Colleague: 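Once you've had a glance at the structure underneath, I'll fire off some questions.
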Amino acid sequence: MKKNDILRLPIEDLSAEGEGIGKADSFPFFVKDALPGDLAEVRITKLQKTYGYARLLSVIEPSSDRVEARCPKARACGGCQLQELRYEAELKFKTKKVADALQRIGGFRVSGEPGGEGIYVPEALGMADPWRYRAKAQIPFGYDRDGKLVAGFYAGRTHDIIDMEDCLLAPEETAGTLRAVKAWMLEYGVPAYREDVHEGLVRHLLFRKGFATGEIMACLIVNGSGIPHADALLEKLRKVPGFKTLTVNENRARTNVILGRRTETLYGPGWIEDRIGDVRFRISPASFFQVNPVQTAVLYGKALEYAGLKGDETVWDLYCGIGTISLFLAQKARRVYGVEIVPDAVRDARENAALNGFQNASFFAGKAEEVLPAYYAEHPEEKADVIVVDPPRKGCDRALLDTVARMAPDRFVYVSCDPATLARDLRIMDGYGYRIAAVQPVDMFPNSRHVETVCCLYHQKKDFISVPYEPKNAEYLKKN
Ligand code: SAH
């Protein structure tokens, strides 16, 4: 076999990246846009020692899970990897991804059904309507080869902008906002930024919507200190239902980082508000806020259930961002401490605590793996009943897990955006005597390959923690 050879491949599996996997003479190929069950015609694009990559030329016989992509740009755009997979099958894929990681990376025994021998991973909790769920879109501007103004998304792994009018993962108002900005640029000759020569003005439109409030924010990121004809832009934006605020962010650097440091408010308060459950959040252009607020309520509801709070507990929320989980927990706990590395996020967390009238939540700026041991050393008498972590993809720092083990909380709740690092960290915690009582994948990003997982651990020496969601599995764990 060599590059450019054409093969017929039966696709058998999906990679963690969402590519179809098919074998030719037991040599595996990764094929973007191919799905398990497809018989695919492919061309080899790259050969490594033990695997290769191939491009999908045509689907000879489609998988029974194959559906037509709703978005005409689905294959070209880097945003969605699984639009052509039926949603039920997508949820199964995500569930399996978590179970596989626990088994292969964590070395845990995994059971296919509740009550079996091993950890049972129930199906990922999905959305009733897995479209238009994103509370935020960052849309780059530029020019195509013919010099036409374009705005849309980067094609997978490149900086070529795919022009788009509407993204089906974003709310409808995104399209209206984008149309307004484009019309204003064309009408007043406002230039888009050109990355190659570092010239021009408009780099990105940052769009945010509060799902519970309907409030809309537009933030233009510009290579300059302001925008011309701002009134004309405002007039157009006011027609977007829910439009609340317009800000301009200055970013003159030659960088892939989207936001610069200075933001000026041109209209409205400069922020929007949203609610997750009963907790209110104020969101500025630079704030980190969960992308899918509807599923965030599901995920945090699960985390709260796993925390098993009765009202007198001391709880730590590590990697707390703007305090989303912390404030969820503060509704039920005596005392919540949040730790977050980004000082601005900590400021937001404090403001959000005040906005909601919580006096039992405090926040520390710093590395979780440094703040927690330092605090514990100073207050060895203060018991942590529950510790929650929600780390970035690389997972928890080892020093942090060591400290958690020393603090010996009754429960340890792990929220994870990467099953591989989750499995690695759970294995470490297993070494400290922490057993898995329940695992629940949650689909926060329908149509993409990403999956979130929330996991409840308890110490084997403590009384068994019953997690109502999976009692049979819990029984098994109790015995072992
Ligand atoms: N729980 C929050 C945010 C989770 S994202 C929410 O749901 O909104 C992970 C967060 O961890 C980010 O805000 C990131 O800034 C923070 N972070 C990354 N490394 C960290 C570290 N070593 N210590 C503390 N926080 C860290």
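Side chains are part of it too, since the values below use all heavy atoms of this structure and drop only hydrogens, waters and symmetry mates. Each ligand, and each atom within it, is numbered from 1 in the order the structure gives. We're numbering straight along the sequence, starting at 1. Computed from a prediction, not measured in an experiment: that's the story for all the values here.
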Colleague: Which protein residues have a heavy atom under 4.0 Å from ligand 1?
Modeller: F288, Q290, Y300, Y319, C320, G321, T324, I325, E340, I341, V342, G366, K367, A368, E369, D390, P392
Colleague: Hey, could you give me each pair passing salt bridge (charged side-chain N to carboxylate O under 4.0 Å, His left out) that has a residue in residues 160-177? Not counting sequence neighbours.
Modeller: R132-D166, R132-E172, K148-D163, D163-K182, E173-K209
Colleague: Using a strict 4.0 Å threshold on nitrogen-to-oxygen distance, state whether D402 and R398 make a salt bridge.
Modeller: yes
Colleague: Using a 3.5 Å cut-off and no angle test, enumerate the donor-acceptor pairs between side-chain atoms of residues 318-332 and protein atoms at least two apart in sequence or in another chain.
Modeller:
| residue | atom | partner | partner atom | Å |
| --- | --- | --- | --- | --- |
| Y319 | OH | D397 | N | 3.4 |
| S326 | OG | D317 | OD2 | 2.5 |
| Q331 | NE2 | F328 | O | 3.0 |

Colleague: Please check: side-chain N/O of Q81 versus main-chain N/O of R449, any donor-acceptor pairing under 3.5 Å?
Modeller: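 Such a contact is found between Q81 side chain and R449 backbone.
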Colleague: Does anything in residues 276-289 pair up under salt bridge (charged side-chain N to carboxylate O under 4.0 Å, His left out), and if so which pairs, sequence neighbours excluded?
Modeller: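 As it turns out, the salt bridge (charged side-chain N to carboxylate O under 4.0 Å, His left out) pairs with a partner in residues 276-289, which skip direct neighbours, are E273-R280.
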Colleague: Answer yes or no: is there an ion pair linking R334 with D312, defined by an N-O contact shorter than 4.0 Å?
Modeller: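 Looking at D312 together with R334, the answer is no, because their closest N to O distance does not fall below 4.0 Å.
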